[in-house]
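Before any comments, here is the structure.
Per chain, numbering begins at 1; letters A, B, ... match sequence-line order.
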There are 2 protein chains.
Amino acid sequence: MPTLKDLAKKASVSVTTASYAVNGSSLITKETREKVLKAAKEIGYRPNGMAKNLKKQKTETIGLFLSGFTGPFFTSMMEGIHEVVMSRGYEMVVCASVDRHRLLIEKNVDGAIILNYHMDDELLTELASEKLPMVVLDRELDHQHICNITLPNQAGTKAVVDYLNSKNHTHLGFMAGSEESYDGEMRLKGFLDRARELDIPFNRDHLIRADFTEKSGYDAMHTYLNKNEIYPTAFLCANDEMAMGAINAIKDHGLKVPEDIAVTGFDNLSISKYFNPPLTTVHVPKKQWGIHAAETLFDMLGKKENIQTSDLGVELIPRDSV
Amino acid sequence: MPTLKDLAKKASVSVTTASYAVNGSSLITKETREKVLKAAKEIGYRPNGMAKNLKKQKTETIGLFLSGFTGPFFTSMMEGIHEVVMSRGYEMVVCASVDRHRLLIEKNVDGAIILNYHMDDELLTELASEKLPMVVLDRELDHQHICNITLPNQAGTKAVVDYLNSKNHTHLGFMAGSEESYDGEMRLKGFLDRARELDIPFNRDHLIRADFTEKSGYDAMHTYLNKNEIYPTAFLCANDEMAMGAINAIKDHGLKVPEDIAVTGFDNLSISKYFNPPLTTVHVPKKQWGIHAAETLFDMLGKKENIQTSDLGVELIPRDSV
DNA sequence: ATATGTAATTGAAACGTTTCAATTATAAGT
DNA sequence: ACTTATAATTGAAACGTTTCAATTACATAT
């Protein structure tokens, strides 16, 4: 691997000049630059990113840290983030991990967007700093260098309860995800609160736990139906994937959706409208969410004062599954 | 940001000892190690990844370079890669880019898996080396430090043609993706070749181009149906997403699937079996593909001789869309 | 007490850049 | 021709680690 020193020798200039040439500095003449660039091509010189980062003390890379790549939910959000990051001339890396990721703890990124319930609050508050601002999407953290951008989860399930209520569904069930998920628990909370507010009785027997995947939704609903012969007229699910699994289980059990049991989801995945039956759900502006997160992060990097983190709106999408 | 020097001072040891302590070397006594670790906690020391990488001349990170995050196809594959990478104690970063990505060209990764038709062959062959082996998934490149692991695209569409033929479909149409996609073009080639082999006449009027997304599939089929009043009895689509779009367009046009037009996909996305009608498609072992790619890359990193790249199998999944 | 071997610690160089400060070359003004 | 200003080039330090080679500390054997 040729280094800048090799390049300098090849072009018979100093290392400094070589550096200026490859970085397009205006301090040197056009001729020297061209001479160096030509030599660079000849020996196949490529700058070494590690050295560059070390010297400049920054990477111009922002990291998105997820708990996993599974599921169709994240892709729109990533697109949103990616668009913003590119437009600012930065690079983006997506990392999945359990509790920690070397790129984050060894400061290999200039900023981070976190959507990873495996990472605990302590690690994040410890790591966040002027040099490593963060936007967290899956919790609320009070820290000078952390911004929270959360989804309107509670408002979402509340809207669903209201909608179902208006359709005279007064016996409700809820399929929740993992208890570790902030978003999931907020959705559950919105549901419970609203049910209480509307005096809709809710029995914990009709609270099912799954893990946000279609399969887990199927399995959980399957077991549930085998155990209970009396069931609600409508089931709210904490996300679309589980809702689809639940609907498939209900159908396989010989019941009809929505006639016997209505089912609602949350997220409004792009495929949900093509499901059979098309899924009533809460639209989550995933891409917008990503854009907003990234823009906020760049505001922090730019040391902007008074960073605004506007709320995302809720929209119920009524379809045939109710 | 406290450095190793700060840590050494705080713990009243040399920089070397501090380094040994944080890296768990057995050259120092238990007591000194503990003393240093305690000091590290106190001042909040974190090793600087950039310096580490520079000195060690490696990152223990492997990069997956994609053309975009869009679409549900990649997630299973990423999971496969990720599993392998983690099991080897490496980190994985996923990068989307147009023609180049700084992390790749500045050697910020120890190895790369490429699935990005935007990157041209020249760049890749120039970059691949002993220190940066690559596995490419979307083309075939002959280079000492590049392994190709491609999908059984041609075999896939050939199987579909055979299947449709056995169902007496002799008027076929094909919805292809972007011409830049190797996989897409191979799928098309398999189709064309097999049709010729079976003496099934094919008219280029029934070759539609879209760009692999559901929306583009819908639009393309919509325009097609408005233009042609005579159409094939079956349409092969180069992937499932376009197939779903095409089916929706056909339905919106007042025709029935599969009665009026049968439609097949390619990929077997997890949602495809729940589509209405369930999609006949070719199963692509996406996760297995990822695992195989990552394992091959580690074989290269380990300078293993005689690297085996076994082929992936094809499996036609008959469902109601035919 | 002295030599000998091993364990623990340390100093200093190196990794490949960037960039400040210093130097040299070139042009312009008298 | 000589100063002065500006442009172009360069030397050297620094970024924060790792690790080789050298040193010191300590125990054991003579």
Handout entry: Under 4.0 angstrom between B:Ser19 side-chain N/O and D:dT17 OP1 or OP2
Key = no
Fill in the blank from the handout: In this structure, CE of A:Met119 is separated from CG of A:Leu66 (nearest 0.5 Å) by 9.0 Å
Practice task
Describe the nucleic acid contact of A:Arg33 in one word from base, sugar-phosphate, nothing, applying a heavy-atom distance below 4.0 Å.
Solution key: nothing
Exercise for the section: Would you please say whether a donor-acceptor pair under 3.5 Å links the side chains of B:Asp211 and B:Thr213? Expected result: yes
Exercise for the section: For B:Tyr20 and D:dT17, give me the distance from atom OH to atom P, rounded to whole Å. Expected result: 15 Å
Problem - A:Phe74-B:Phe69 aromatic ring centre distance below 6.0 Å - result: no
Fill in the blank from the handout: Separation of C:dT17 atom C1' from A:Arg46 atom CZ, nearest Å, is 17 Å
Fill in the blank from the handout: Among C:dT17, D:dT17, D:dG11, the one nearest any side-chain atom of A:Ser14 is D:dG11
Practice task
Using heavy atoms to find the nearest nucleotide of DNA chain D for A:Ile28 and A:Lys56 separately, return the residue whose nucleotide is more 5′.
Solution key: A:Ile28
Exercise for the section: Please state whether the phosphate of C:dT9, meaning OP1 or OP2, lies under 4.0 angstrom from any side-chain nitrogen or oxygen of B:Thr32. Expected result: yes
Completion exercise
Winner on side-chain proximity to A:Thr29, out of D:dA8, D:dC15, C:dA12, is D:dA8
Exercise for the section: Would you mind checking if B:Arg46 and A:Glu126 are paired as a salt bridge, meaning a charged N to carboxylate O distance below 4.0 Å? Expected result: yes
Problem - First of B:Val13 and A:Met50 reached from the 5' end of DNA chain C, by closest nucleotide - result: B:Val13
Problem - Distance-only polar pair, side chains of B:Thr16 and B:Ser19, donor-acceptor under 3.5 Å - result: no
Problem - Sugar-phosphate only, base, or nothing, as touched by A:Asn23 at under 4.0 Å among non-hydrogen atoms - result: sugar-phosphate
Problem - Presence of B:Gln57 side-chain N/O under 4.0 Å of C:dA14 phosphate oxygens OP1/OP2 - result: no
Practice task
Pick base, sugar-phosphate or nothing for B:Leu54, based on heavy-atom distances below 4.0 Å to the nucleic acid.
Solution key: base
Handout entry: side-chain N/O B:Tyr45 vs D:dT17 OP1/OP2, d < 4.0 Å
Key = yes
Exercise for the section: Please evaluate the base of D:dT19 for a donor-acceptor partner in the side chain of B:Thr16 within a cut-off of under 3.5 Å? Expected result: yes
Handout entry: Phosphate-side-chain proximity, B:Thr17 and C:dT10, N/O vs OP1/OP2 below 4.0 Å
Key = yes
Exercise for the section: Looking at every strand, decide which applies to B:Thr3 at a 4.0 Å heavy-atom threshold: base, sugar-phosphate, or nothing. Expected result: sugar-phosphate
Exercise for the section: Can you tell me the distance, in whole Å, between the NZ atom of B:Lys30 and the C1' atom of C:dA7? Expected result: 17 Å
Handout entry: Rounded distance in Å - CD (A:Glu60) to P (C:dT17)
Key = 17 Å
Practice task
Calculate the interatomic distance between A:Met1 atom CE and C:dA14 atom P; express it in whole Å.
Solution key: 21 Å
Practice task
Identify whether any heavy atom of A:Leu4 sits under 4.0 Å from a base atom; if not, whether one sits that close to sugar-phosphate; answer base, sugar-phosphate or nothing.
Solution key: base
Problem - Nucleotide D:dA25, atom P - distance to CG of B:Leu27 in whole Å - result: 18 Å
Fill in the blank from the handout: Testing D:dT17, D:dT10, C:dC15 for proximity to the side chain of B:Lys52, the answer is D:dT17
Practice task
Take the protein atom CZ of A:Arg102 and the nucleotide atom P of D:dT17, then report the distance between them rounded to whole Å.
Solution key: 15 Å
Fill in the blank from the handout: In whole angstroms, the gap separating P of D:dC15 from CG of A:Asn108 amounts to 18 Å
Completion exercise
Side-chain contact check for A:Lys55: nearest option of C:dC20, D:dG16, D:dC15 is D:dC15
Exercise for the section: Would you mind telling me which of B:Thr61, B:Asn108, B:Thr59 makes a side-chain contact (heavy atoms from CB on, under 4.5 Å) with A:Leu103? Expected result: B:Thr61
